[in-house]
Amino acid sequence: MNMEKANFSEWYNDVIERAELSDKRYPIKGMNVWRPYGLKVIQRIDDLIREEMERTGHDEARFPLLIPKTEFAKEGEHIKGFDSEVYWVTHGGLNKLDVPMLLRPTSETAMYPMFSLWIRSHTDLPLKIFQIVNVFRYETKMTKSFIRVREIHFFEAHTAHRDLEDAEAQIKEDLEILRRFATKLCIPYLVLKRPDWDKFAGAYYTLGIETLMPDGKTMQLGSIHQYQTNFSVPYEIKYEDEHGEHRYAHQTTYGMSERLLGAVIGVHGDEKGIVFPPAIAPYQIVIVPILVKDKQEMVMAEAKQLRDKLLGRGYRVHLDDRDMRPGAKYYDWELKGVPLRIELGPRDIADRKVVVVRRDTGKKAFVKRGVLWLHIQENLKGIERSLLKKAEERIFTGITEIGTIEEGKGKTGILKMHWCGAEECAREVEVGLEFTILGTPYAEQRDHGRCIHCRKKTDTVVFAAKTY
RNA sequence: GGGCCCGUAGGGUAGCUUGGUCGAUCCUUGUGGCUUUGGGAGCCAUAGACUCCAGUUCAAAUCUGGGCGGGCCCA
């Protein structure tokens, strides 16, 4: 397989199909079938999100798929941002519905009428709810597995707070969740505050979470929004404070999707296929028995014993007992990204050892059974560390600082530049370089310079890239 | 949303220009069997396709139009 930048797209489509993650032959565009192996991975990712939500006091809920048009229409900016990409349900059986319903493109308008009923007192706040469901967006025709789909596997956390300060603290917590979570996925990222013209429909401000794909384009992995009272006013989410005053809640949201999986595949993959970080690999270890004539039963019995011991230690293990040559199995599991492979044959059994092979480096180790547990533990950790380190190096070397638009011409990856904050100057950059302005770093930083276009003095830097 | 390209077994393809030679090529895959297993084994037998609809024509995989699906570029 070819991992060259020019062929990344081909490699990506090919690897997803061959590793049996997803099948895009379902006859509706942008709605792909999750095959069992792919579903295992996304469920692992969901589990990691649930762990983080649990840790930070969010409760899981589930809201209906259908939203009445009347609720959807309450917030003006929101509906403007989405109405060109919603699927409508207009009939119930043969009867035309008086109030059409839509398939949720995101769940603000499903949740907030209920929030309005649930929140009455300041003691009901903060309210921290999340759900992991499918949402539907009639996206641009250029769909791509996990990256641009019309049925989206979506995580969305929605919070309500007594004031802006508490809502801002929530966003800090979201960033901490992101840091822990991305470390397990071994995905480096940038958090950028979107320019005003590019924020989420209805948001006060939007933070985009960006990573860099091997073809030099950035991909948005998720977003965090500060709504202030933009939704609580139309949806009447009010509470009574300690003094008997009625106040509107301040709200935030945090959303991510199966793009996380797309990023893992793209960022870590190599010419052999996928490389899964141990935290999300459906199987962390695969055992390939070497079945030589006359010793098959003995080897299988040993292999099963080893599998059970590993399962007992909490690893996700698969014993590959298919009737194939070992070499064919090696290729298959390398394609599917299993972090560690254990080979077990008659010679190993005689020597009380096994062969352990790392997916990321391909390095083979002959490991005595006595130290096997330690070896596995250390190597799974080692894979996680080295995947993250390699990916970080690539994203940082992918950032180029430029002083003039001219300087950016022909560059790939992420461009960093000073910017005065005027939309006009940003547009000049977008048109001149055919890049998209991603936004300014969320973390405050003072960095004196001059605007790339109008040359005005400024402390603000902005990032731009070609995007997914 | 605008533009360009594409659609032949599960996957990849030949054939399409110039309609008839197609009862459709090759590789891979599936199934049954024999044999083998420390990096994609081999042999025998067998299965499987012209995206859909309409049109042109004596005749359509091949030409025309549309639908559906796919890929890429631009917004």
Heavy-atom side-chain proximity of A/Ile187 to A/Leu260 below 4.5 angstrom:
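Heavy-atom side-chain distance check fails, nothing below 4.5 Å.
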
Rounding to a whole Å, what distance do you find between [X]:[atom1] and [N]:[atom2]?
X	N	atom1	atom2	value
A/Met300	B/rG38	CE	P	16 Å
A/Asp332	B/rG11	CG	P	18 Å
A/Arg18	B/rG11	CZ	C1'	10 Å
A/Met298	B/rU37	CE	P	14 Å
A/Asp23	B/rG10	CG	P	12 Å
A/Met324	B/rG42	CE	P	13 Å
A/Glu139	B/rG1	CD	P	11 Å

Strictly by Watson-Crick or wobble contacts shorter than 3.5 Å, is anything paired with [N], and which nucleotide is it?
N	result
B/rU51	B/rG67
B/rG19	none
B/rG42	B/rC34
B/rU13	none
B/rC72	B/rG3
B/rU56	none

Give the ring-plane orientation class for [X] versus [Y], where under 30° counts as parallel, over 60° as perpendicular and anything between as tilted.
X	Y	value
A/Tyr227	A/Phe231	tilted
A/His78	A/Phe82	tilted
A/Tyr283	A/Tyr37	tilted

With respect to the side chain of A/Lys364, which nucleotide from B/rG39, B/rG38, B/rU37 is positioned closest?
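The answer is B/rG39.
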
With the side chain of A/Ile290 defined as its heavy atoms from C-beta on, choose the nearest nucleotide among B/rG39, B/rG11, B/rG38.
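Among the listed nucleotides, the one closest to the side chain of A/Ile290 is B/rG38.
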
Would you measure the distance from the [atom1] atom in [N] across to the matching atom in [M] and give it in whole Å?
N	M	atom1	result
B/rU8	B/rU51	C1'	10 Å
B/rG23	B/rG42	C1'	32 Å
B/rG30	B/rG11	P	14 Å
B/rC5	B/rA61	P	24 Å
B/rC63	B/rC16	P	10 Å
B/rA24	B/rG19	C1'	15 Å
B/rU62	B/rU21	P	13 Å
B/rG3	B/rU46	C1'	48 Å

Distance check: side-chain N/O of A/Arg325 vs OP1/OP2 of B/rA41, anything under 4.0 Å?
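Affirmative; the distance criterion is met.
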
How long is the gap from CG on A/Leu190 to CD1 on A/Ile395, to the nearest 0.5 Å?
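It is 4.5 Å, given to the nearest 0.5 Å.
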
Base, sugar-phosphate alone, or nothing: which one does A/Arg322 contact when heavy atoms must sit under 4.0 Å apart?
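Counting heavy atoms under 4.0 Å across all strands, no contact is made by A/Arg322.
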
Would you indicate what A/Val288 reaches in the nucleic acid, counting non-hydrogen atoms under 4.0 angstrom: base, sugar-phosphate, or nothing?
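Answer is nothing: A/Val288 stays at 4.0 Å or more from every strand.
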
NZ/NE/NH1/NH2 to OD/OE distance under 4.0 Å, A/Asp332 and A/Arg322:
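Looking at A/Asp332 and A/Arg322, the cut-off is met.
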
Less than 6.0 angstrom from the centroid, inside 45 degrees of the normal: does A/Lys69 satisfy that with respect to the ring of A/Trp88?
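The answer is yes; both the distance and angle limits are met.
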
Of A/Arg150 and A/Gln296, whose closest RNA chain B nucleotide lies nearer the 5' terminus?
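Looking at RNA chain B, the more 5' nearest nucleotide goes with A/Gln296.
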
If the test is salt bridge (Lys or Arg N to Asp or Glu O under 4.0 Å), which one of A/Lys217, A/Lys193, A/Arg194 qualifies with A/Glu210?
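Result for salt bridge (Lys or Arg N to Asp or Glu O under 4.0 Å) with A/Glu210: A/Arg194.
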
So, A/Arg62 side chain and A/Val133 main chain: donor-acceptor pair closer than 3.5 Å or not?
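Side chain of A/Arg62 to backbone of A/Val133, a donor-acceptor pair under 3.5 Å: no, none is there.
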
Are the side chain of A/Asp14 and the backbone N or O of A/Glu10 linked by a donor-acceptor pair below 3.5 Å?
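Judged by distance alone, no pair lies under 3.5 Å.
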
Around atom CZ of A/Phe435, are there more than 12 heavy atoms of other residues, nucleotides or ligands at under 6.0 Å?
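Correct, the count exceeds 12.
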
Got a list of protein N/O to nucleotides 70-75 of chain B N/O distances below 3.5 Å?
unit_1 : atom_1 : unit_2   : atom_2 : d
B/rG70 : OP2    : A/Lys29  : NZ     : 3.2
B/rC72 : OP1    : A/Ser9   : OG     : 2.3
B/rC72 : OP1    : A/Lys144 : NZ     : 3.2

How would nucleotides 27-35 of chain B be written as a contact map, 5' to 3', with B for base contact, S for sugar-phosphate-only contact and - for no contact, using protein heavy atoms under 4.0 Å?
---------

Could you run down nucleotides 45-53 of chain B 5' to 3' and tag each one B, S or - for protein heavy-atom contact under 4.0 Å?
---------

Within the modelled atom types, does a donor on one side and an acceptor on the other bring the side chain of A/Glu334 and the base of B/rG39 under 3.5 Å apart?
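Check passes, donor-acceptor contact within cut-off.
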
Any donor-acceptor pair, under 3.5 Å, between the side chain of A/Arg25 and the base of B/rG11, if you only look at N and O atoms?
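Checked by distance alone, the answer is no.
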
For the residue pair A/Phe146 and A/Trp34, is the inter-centroid distance of their aromatic rings smaller than 6.0 Å?
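For A/Phe146 and A/Trp34, the ring centres are under 6.0 Å apart.
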
Whether A/Tyr331 stacks on the six-membered ring of B/rG40 base, 5.5 Å and 30° limits
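Yes, aromatic ring over the base.
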
May I ask you to check whether A/Glu108 and A/Thr106 show a side-chain donor-acceptor distance below 3.5 Å?
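Looking only at side-chain atoms, A/Thr106 and A/Glu108 do form a donor-acceptor pair, the distance falling under 3.5 Å.
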
Worked check of side chain to side chain donor-acceptor pair (under 3.5 Å) between A/Thr206 and A/His225
CA-CA 5 Å; A/Thr206 289; A/His225 310 292; 2.9 Å; yes

